[in-house]
Amino acid sequence: MREMTAAAARKSALWAQGFADARPTGIPTRRHIRSVLDRIRLFQIDSVSVAARAHYVPLFSRIGVYDRGMLDSAAWSHRARTPRMLAEYWAHEAAFIPVEDWPLFRWRMHRYRHGRWAGEARILDRNPTLAADVLDVIRAAGPSSARDVEKHLEVDRPDRKGPWWDRSDTKVVCEQLFAAGALAVDKRVAFTRHYDLTDRVLPESILAQEYLEEESIRRLVGRSARALGVATESDLRDYYRLSPAQIKPAVEDLVEDGVLHTVTVRGWDVPAYMHRDVRTPRRVEGAALLCPFDPLVFFRPRTERMFDFRYRLEIYTPAHKRVHGYYVFPFLLDGELVARVDVKADRARGALEVRSAFVEAGARPERVVEPLLSELYRMAEWLELGEVTVDKRGDLAPLLAAAAKRPREV
């Protein structure tokens, strides 16, 4: 069994996630999206848009300023020369995944045939024809939101609250059919899903692929291991939200076949696994801001074990009880998480607002400030904001604010 230091495991993980690669020197292209997707295999989707939607940010963190419309096109557009690259499904959470990975989740679709949550089946007990009615409407009308379907079904809902948090029976059934694989997401408009029949969204060649659950899990574990670099069993399980019963035989098979190597990481109290294709670079250099749903940090126990970085999302914490802020971006510098900033895109003012900034214990603030500020200006450019402003909160804020006031070279 191979033994490795925690630093080597960390560099391997960063290599696997694409942070050891140089950013494109020119304008990023669709090829760069594909390159990142091949590494991390999913872009998690989340409704919070205080800075930018979560699925856009991992690409920015790895390739820099790029046209977000390219990602939209990769997800929603299908042409002969540029086929749809991404499909939406429940992977880690709601996520964009490579179209070719969609068949690997048929076992989950079968489990979700009555919905993702207990009690949803009661809706069909009350409305036994509603699923068929929804499918008939979408078959005739084409891509439709749940509200569109309601209109076609002439459902009058005067108490309706909004498209995201409204849980009408029609919306729940649309979600059931999506989770079961009968519907797919053709596009999102203002973040609202527009559903279509799956065979009109995904290529026939993809729909024709069938895998037994065991083979699907084996392939998914192989993908998560390649994406994570060095990972414990719990890390591998979390990436696609698998169960212990599913993952144990898959890991054993992959070890036996030489796809995974068992390793001991100094300081870790459980065994780990390293994918045979993963490399350990001598150093990892560069800077990146990471959104809370970046695959490098979305499993918080791994983030703490790998980077000694305790990270919690405080969106649902009352403002006066928040330690670091509402939507906090960890800052990666030369292979370490050295700071965290609470960031908001204030589009009315045309500014990227840093509402708090904290340096990690052991990191030198004077070393962190300039590369952090450079990444903040890069993010502002990406979001088409004209300036970066820094509020007073946090031990790094005074230095960062002073640096932001100095004239910058163009």
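Just so you know, these numbers use all the heavy atoms, side chains as well, and skip hydrogens, waters and symmetry mates.
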Looking at R300 and E304, is any side-chain nitrogen of the basic one under 4.0 Å from a carboxylate oxygen of the acidic one?
no
Taking D334 as the fixed residue, which of R364, R283, R367 is the one that meets the salt bridge (Lys or Arg N to Asp or Glu O under 4.0 Å) rule?
R367
Audit row: L71, F96, side-chain contact (heavy atoms from CB on, under 4.5 Å) steps and yes/no
CA-CA 10 Å; L71 187 59; F96 291 118; 5.5 Å; no
Kindly compute the distance separating CZ (F358) from CZ (R393), expressed to the nearest 0.5 Å.
4.5 Å
Please walk me through it: do T170 and S168 pass side-chain hydrogen bond (donor to acceptor under 3.5 Å, both in side chains)?
CA-CA 5 Å; T170 305; S168 71; 4.6 Å; no
Do F178 and Y89 have their ring centres less than 6.0 Å from each other?
yes
Nearest 0.5 angstrom please: E150 CD to S145 OG, how far?
8.0 Å
Taking the side chain as every heavy atom from C-beta outward, state whether D148 and V137 have any atom pair closer than 4.5 Å.
no
Distance under 6.0 Å and angle within 45° of ring axis: R223 vs Y240
no
Passing option when P295 is tested against L228, L290, I40 for side chain to side chain contact (heavy atoms under 4.5 Å, CB included):
I40
dist R147:CZ -> C174:SG (nearest 0.5 Å) comes out at 12.5 Å
Using a strict 4.0 Å threshold on nitrogen-to-oxygen distance, state whether K248 and E252 make a salt bridge.
no
For R237 and Q246, does a side-chain donor sit closer than 3.5 Å to a side-chain acceptor?
no
Is any side-chain N of the basic residue among D294 and R62 closer than 4.0 Å to the acidic one's carboxylate O?
yes
Could you report the tightest heavy-atom contact between S216 and Y211, atom names first, then the distance?
OG-CB, 3.3 Å
Test your reading of the model: is there a side-chain donor-acceptor pair from R10 to the backbone of M306, 3.5 Å cut-off?
yes
Any non-hydrogen side-chain atom of V149 less than 4.5 Å from a side-chain atom of D133?
no
Distance from I123 atom CD1 to L130 atom CG, nearest 0.5 Å?
8.0 Å
Are any non-hydrogen side-chain atoms of D391 and D342 less than 4.5 angstrom apart?
no
I27 atom CD1, neighbour heavy-atom count above 12 within 6.0 Å:
no
What about F298 and H92, are their ring centers closer than 6.0 Å?
yes
Please determine whether a side-chain nitrogen of the Lys or Arg among R116 and E175 lies less than 4.0 Å from a carboxylate oxygen of the Asp or Glu.
no
Is there a side-chain contact between Y239 and L220 (heavy atoms, below 4.5 Å)?
no
Heavy-atom closest pair (R108 atom, R241 atom, distance to 0.1 Å) is NH2-O, 2.8 Å
Is it the case that the side chains of Y273 and E233 hold a donor-acceptor pair, with the cut-off being a distance below 3.5 Å and no angle test?
no
So for atom CG, which belongs to D308, do other residues, nucleotides or ligands contribute more than 12 heavy atoms lying within a distance under 6.0 Å?
no
Please report the closest heavy-atom contact between V338 and V359, naming both atoms and the distance.
O-CG2, 3.5 Å
Just by distance, do the side chain of S356 and the backbone of H324 share a donor-acceptor pair under 3.5 Å?
yes
Side-chain donor/acceptor of E3 to backbone N/O of V265, under 3.5 Å
no
side-chain contact (heavy atoms from CB on, under 4.5 Å) between L396 and L372, worked out
CA-CA 11 Å; L396 189 60; L372 172 56; 3.7 Å; yes
For the side chain of Q176 and the backbone of H114, is there at least one donor-acceptor N/O pair under 3.5 Å apart?
yes
For R122, which residues count as a side chain to side chain donor-acceptor pair (under 3.5 Å) partner, sequence neighbours excluded?
none
With side-chain contact (heavy atoms from CB on, under 4.5 Å) as the test, would you mind laying out the steps for T389 and R349 before giving the verdict?
CA-CA 10 Å; T389 64; R349 291 172 51 213; 3.4 Å; yes
Examine distances only and state if a side-chain atom of S144 and a backbone atom of G142 form a donor-acceptor pair shorter than 3.5 Å.
yes
Using only atom types and a distance under 3.5 Å, with no angle test, would you say the side chain of K11 pairs donor to acceptor with the backbone of R282?
yes
Report yes or no: do R188 and H194 form a side-chain donor-acceptor pair below 3.5 Å?
no
T198 side chain vs G181 backbone, donor-acceptor pair below 3.5 Å
yes
Looking at every non-hydrogen atom in both residues, tell me the closest pair between V343 and R355 and how far apart they are.
O-NH2, 4.4 Å
Should the pair R41-D101 be classified as a salt bridge under the 4.0 Å nitrogen-to-oxygen rule?
yes
Do NZ/NE/NH1/NH2 and the carboxylate oxygens of R378 and E381 come within less than 4.0 Å?
no
Tightest non-hydrogen contact, residues S12 and M274, listed as OG-CE, 3.8 Å
Less than 3.5 Å apart, any donor N or O on the side chain of E100 or Q209 sitting next to an acceptor on the other?
no
Passes salt bridge (charged side-chain N to carboxylate O under 4.0 Å, His left out), R126 versus D169? Steps please.
CA-CA 10 Å; R126 295 197 306 268; D169 284 0; 3.0 Å; yes
S35-H32 side chain donor-acceptor pair, cut-off 3.5 Å:
no
Would you say the side chain of D21 lies within less than 4.5 Å of the side chain of R39, judging by non-hydrogen atoms?
yes
May I ask you to decide if G325's main-chain N or O and E314's side chain share a donor-acceptor pair within less than 3.5 Å?
yes
Check whether any side-chain heavy atom of E93 lies under 4.5 Å from a side-chain heavy atom of I45, and answer yes or no.
no
Quick one: does Y66's side chain have a donor or acceptor within less than 3.5 Å of a partner on Y56's backbone?
yes
When you compare the side chain of F299 with that of T232, does any pair of heavy atoms fall below 4.5 Å?
no
Under 3.5 Å, side chain of D238 to main-chain N/O of S234, donor-acceptor pair present?
no
If you take all heavy atoms of V201 and R84, which pair is closest and at what distance?
O-NE, 3.3 Å
Does the pair D235/R305 count as a salt bridge with the N-to-O cut at 4.0 Å?
yes
Determine whether L59 and L37 make a side-chain contact, defined as any pair of heavy atoms from C-beta on separated by less than 4.5 Å.
no
Can you measure from CH2 (W76) to CG (L86) and round to the nearest 0.5 angstrom?
8.5 Å
Could you measure the distance from the CH2 atom of W382 to the CZ atom of R68? Nearest 0.5 Å is fine.
5.5 Å
Hey, mind stepping through E214 and I217 against side-chain contact (heavy atoms from CB on, under 4.5 Å) and telling me if it holds?
CA-CA 5 Å; E214 294 78 6; I217 301 302; 6.0 Å; no
Does F309 have R340 sitting over its ring (NZ/CZ under 6.0 Å from centre, angle to axis within 45°)?
yes
